[in-house]
Amino acid sequence: MTNSINRGHMLVCLECGAGISGHWQLRCQCGGILELQRDLSGLDGEHLKRLFEQRLHLRGDVHASGVWRYAELIAPELPEAAMITRGEGNTGLYRSEVSAAYAGIREIRLKAQSENPSGSFKDNGMVVAVSHGLSLGRDVFACSSTGNTSASLAMYSAWCGRASLVIAPASDISPAKINQTIAYGAQVIRFNGTYDDGIRFLERWGDELGLYVCNSLNPYRIEGQKSIIYELAQQLGWKMPDWIAIPGGALSNVSALGKGLDDLWRLGMIDKLPRIALVQAEGASPFHRMVQNNEQMLIPDPQPRTRASAMNIGNPPSWRKALLALKLTRGVTVSVSDEEIMRAKRIIDSSGVGCEPASAATVAGLKKLRAGGVIDPEETAAAILTGHILKDVDALEEMYGEEMLHLGDEPLSPKSVRDKLP
Ligand SMILES: *Cc1c(COP(=O)(O)O)cnc(C)c1O
């Protein structure tokens, strides 16, 4: 299978419209956020479907990856020698009747990006960003992170024998995620400040410090994350649900969802454009507020506060891209409380799939949109489960730590168990 089709692509600034090709930079000179734009004109949707179908049977080939399967739509310019893989993507899609009943709609399918090698959807994008850095000959990879990004960065850096540096807030981060990051060998620097401060620091100093910065504004992260919707579409035989619910923090994932849908739609590969339901946590919902108030600029939230730590972001860098995704799909935004998130998490956990708190915002959001009449009971939805149930062990302890029976002085006997059979 050839991967050398060097289709035209360039970085385009979403602020001033400048086009950049031939060299790499993280942001536009004007400070604007960059997007990778590609010429899809030579591609044939039906041919791609057949190609992606054939690759489902591959083993031990880079195109067996649930990201690189779609290389033609992600980064055909990367040389195969730079393409690394840990078998990311290839995640399950599960119809969940309890979730559908809970939200009050006909059908919900859970897309378990939690099944990625480092336990979150961040792998879908990170594998492409790190591969791109490798293609440039870079050897220190860096990010600012609320946890899952850093774990993914550290995993891929270790996997390809390179170093990683992680800047993380001193508080409000799941210890499991930070320890996972250190376990893969990253140098972690905690500091008194927010995720947003860390991003600003890396953008300002990354080049001078010789770092290849893999924050979510890195356009290759977005290109890689498009694979989530490609795989979802393929699993559904290219027939889309009415809605796709997705949690929003830095808003990279919803941006990728919109961009990936745009690709599939323009290539005629899907039967319709599903509507995006972007769900934020009430305590960290600057984007939802902006959309609701019809404002033209995002007003950052200086002190975001939600138990769903993966969404605890007050100044989402990708808000312009997220807005494009909503426009394309007649999408909506909604915010849910931490209590609503935890109630939905109970449902998803008890269904046998499970997820970390941020992911449960999807089902909570679908329920709220149904209750508000935005979603019809006869409609169908997919929910992107972004992180693994074991990513936030504190949440498990808080929610379930007390929910067991203690026999106390009573001896273990058939009788004592029979009395308590579920
Ligand atoms: C990163 C992350 C999010 C938020 O995604 P964004 O692209 O930052 O909007 C949601 N859930 C989990 C588990 C995450 O790791």
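Numbers here simply count residues along the sequence, with the first being 1. Each ligand, and each atom within it, is numbered from 1 in the order the structure gives.
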* **Option with minimal heavy-atom separation from atom 2 (C) of ligand 1, where the choices are Gln280, Gln113, Lys122, Gln225** =>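 That would be Lys122.
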Check ion pair [X]-[Y] (N to O, under 4.0 angstrom):
X      : Y      : value
Lys226 : Glu72  : no
Arg38  : Glu223 : yes
Arg320 : Glu15  : yes
Asp376 : Arg106 : no

Taking N or O atoms only and a 3.5 Å limit, does [X] qualify as a polar contact for ligand 1?
X      : result
Ala250 : yes
Gly249 : yes
Ser120 : no
Ser359 : no

Give me the residue, atom name and distance of the protein heavy atom closest to [atom].
atom                    : answer
atom 7 (O) of ligand 1  : Ser252 OG, 2.7 Å
atom 5 (O) of ligand 1  : Phe121 CZ, 3.5 Å
atom 13 (C) of ligand 1 : Thr386 OG1, 3.1 Å

* Among side-chain atoms of Ser65 and Glu88, is any donor-acceptor pair under 3.5 angstrom? ->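 Ser65 vs Glu88: donor-acceptor pair found between side chains.
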* Side chain, backbone, both or neither: Asn253 near ligand 1, heavy atoms under 4.0 Å ->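 The answer is both, backbone and side chain.
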* Which bit of Ala310 is near ligand 1, meaning a heavy atom under 4.0 Å away: side chain, backbone, both or neither? ->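 The answer is both, backbone and side chain.
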* Asked: Just which atoms of ligand 1 are under 4.0 Å from any heavy atom in Glu356?
  ->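 Result: 13 (C).
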* Would you say Gly248 contacts ligand 1, with heavy atoms under 4.0 Å as the rule? ->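 The answer is yes: ligand 1 sits under 4.0 Å from a heavy atom of Gly248.
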* Asked: Given Gln280, which of His288, Met311, Arg289 fulfils the side chain to side chain contact (heavy atoms under 4.5 Å, CB included) condition?
  ->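 With Gln280 as partner, side chain to side chain contact (heavy atoms under 4.5 Å, CB included) holds for just one option, His288.
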